[in-house]
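Input: a single structure, listed below in structure tokens.
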Amino acid sequence: MSAALDEILAGHENLIEFSRQDARWQAHYEVVDANGAMFFAGESDFPAYNNGAFRTDDRVEPAEIIERAREFFSARKRGFSLWARALPVDDDLASAAADARLARVFDYPQLICRSRLADPKVADGCELRWVENARGMADYAEVCAQAYTTYGSPADATRSHFDTSRIDRFVGGQMHSVVAYDGDQPLACAQIMLSHGIAGLFWVGTVESARGRGLGEAVTRAVTNRAFDLGAPNVQLQASTMGEPIYRRIGYDELYRYVFFLSGP
């Protein structure tokens with residue numbers, strides 16, 4: 001397998017693993033891994049990011065995956081999301097999703113950084129703090145809850161990802177998270193998860209009132225460099241529309257793309 005294919009496979013598996021772990025931070029969740037598919041249902045019934053399906057074995061027929069996902073989420077009266085790589089390996093999955101009338105709602109670039117970045121510069125009066133306890137996790141949750149309303153995610157649905165009673169799953173080991181503060185006010189955040197030989201960058205956000213101060217870039221640089229310090233050969237992420245220009249400017253390049261589908265309840 002070529003180096004590029006290794007990176008593509010690792011990036012995809014890292015995203016799937018993150019979705020498993022993200023579900024397990026929530027107060028109530030279900031994760032089902034069986035017969036070439038992974039379904040996760042979180043605390044909220046919001047379909048995007050809280051409830052989703054992945055094909056984990058590319059040999060499994062995509063129509064079967066979608067049918068099983070509909071049965072799983074219908075029993076819970078929920079819609080769900082489905083990720084497909086915009087690569088030949090997932091052409092059949094994307095086609096089956098279209099045939100099943102899933103809504104194609106986002107097109108995400110999968111970006112990659114292969115070398116350490118310049119250290120972050122933080123705006124005057126601000127500082128970066130690594131999340132080490134439940135208070136830090138709660139602050140992280142609040143930043144994301146506010147930031148992701150920009151993309152249509154209800155604040156409570158986003159906040160539900162971060163149950164502080166699960167702090168032992170959120171801190172240390174494969175997870176490393178940072179929050180930018182102005183005094184005691186949390187304003188921006190980012191995290192990495194180490195798995196499948198790489199690091200994935202997730203849950204990057206800045207509250208609307210603090211945008212334009214370089215805090216999103218600062219937290220991104222901090223966690224990216226933490227990944228390299230911990231031995232990751234590269235860091236990958238699925239870039240939002242707002243974040244993509246920042247990531248590209250500081251040294252991330254496009255590796256492939258994802259198509260993000262939604263099915264209603």
Side-chain angles (χ1 to χ4, degrees), residues 4-5 7-20 22-23 29-42 44-112 148-154 157-158 161 196 200-203 236-244 247-248 253-265:
L5 289 176
E7 290 173 342
I8 289 169
L9 179 59
H12 185 58
E13 290 182 337
N14 178 268
L15 171 61
I16 295 172
E17 180 61 22
F18 177 80
S19 298
R20 290 189 187 98
D22 179 85
Y29 67 89
E30 293 178 81
V31 176
V32 176
D33 267 298
N35 303 317
M38 191 274 285
F39 308 137
F40 62 93
S44 171
D45 62 4
F46 186 66
Y49 315 119
N50 295 77
N51 298 274
F54 284 93
R55 179 168 65 172
T56 57
D57 183 341
D58 296 333
R59 298 169 297 181
V60 177
E61 287 295 322
E64 176 190 335
I65 299 290
I66 293 170
E67 181 179 359
R68 287 166 51 199
R70 280 186 160 158
E71 291 175 356
F72 178 86
F73 290 102
S74 177
R76 292 152 182 81
K77 297 181 173 57
R78 298 182 175 198
F80 64 93
S81 59
L82 175 72
W83 294 79
R85 291 159 288 181
L87 295 168
V89 67
D90 274 351
D91 281 350
D92 60 343
L93 183 59
S95 178
D99 290 345
R101 298 186 179 180
L102 273 65
R104 179 171 176 157
V105 291
F106 294 120
D107 182 343
Y108 292 108
Q110 178 83 1
L111 304 184
I112 185 169
Y148 279 77
T149 58
T150 298
Y151 303 108
S153 180
T158 301
H161 287 260
H196 297 87
L201 176 59
F202 299 99
W203 282 123
Q236 298 189 36
L237 63 92
Q238 303 79 44
S240 66
T241 303
M242 290 182 63
E244 182 178 357
Y247 305 135
R248 290 185 182 273
D253 299 308
E254 187 169 319
L255 184 59
Y256 58 100
R257 300 187 77 86
Y258 275 104
V259 183
F260 188 74
F261 295 93
L262 285 180
S263 174

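For this chain, numbers begin at 1 and follow the sequence in order. Heavy atoms only: backbone and side chains are in, while hydrogens, waters and symmetry mates are out.
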Atom of [X], atom of [Y] and distance for their closest heavy-atom approach:
X   : Y    : value
A53 : A69  : CB-CB, 4.1 Å
A84 : F261 : CB-CE1, 4.2 Å
G52 : F73  : O-CZ, 3.4 Å
P62 : A96  : CB-CB, 3.7 Å
A48 : S81  : CA-CB, 4.4 Å
N51 : D45  : ND2-C, 3.6 Å

Are any of the side-chain heavy atoms of [X] and [Y] separated by less than 4.5 Å?
X    : Y    : answer
R55  : I66  : no
W83  : Y108 : yes
L93  : D91  : no
S153 : F46  : yes
L102 : F80  : yes
Y258 : D107 : no

V60/N35 under side-chain contact (heavy atoms from CB on, under 4.5 Å): CA gap, chis, key distance, verdict: CA-CA 8 Å; V60 177; N35 303 317; over 6 Å; no
Aromatic ring proximity, centroids under 6.0 angstrom, H161 and W203: yes
Salt bridge present between R257 and D90 (N-O < 4.0 angstrom): no
Check ion pair D58-R85 (N to O, under 4.0 angstrom): yes
Step-by-step side-chain contact (heavy atoms from CB on, under 4.5 Å) determination, E61 to I65: CA-CA 7 Å; E61 287 295 322; I65 299 290; over 6 Å; no
Distance-only side-chain donor-acceptor flag, Q236 / Q110, under 3.5 Å: yes
side-chain contact (heavy atoms from CB on, under 4.5 Å) evaluation trace for F54 with L15: CA-CA 10 Å; F54 284 93; L15 171 61; 3.9 Å; yes
Qualifying salt bridge (Lys or Arg N to Asp or Glu O under 4.0 Å) pairs, either residue in residues 69-81, two or more places apart: E30-R76
Under 3.5 Å: donor-acceptor pair, side chain of D253, backbone of L111: no
Main-chain N/O of G36 paired to T56 side chain as donor or acceptor, under 3.5 Å: yes
Single hit among F202, F260, Y151 for ring pair (Phe, Tyr, Trp, His ring centres under 6.0 Å) with Y49: F260
The single option from D57, I16, V32 passing side chain to side chain contact (heavy atoms under 4.5 Å, CB included) against M38: I16
Could you state the interatomic distance from [atom1] ([X]) to [atom2] ([Y]), rounded to the nearest 0.5 Å?
X    : Y    : atom1 : atom2 : value
N50  : T158 : CG    : OG1   : 7.0 Å
Q238 : F18  : CD    : CZ    : 9.0 Å
E254 : R248 : CD    : CZ    : 5.0 Å

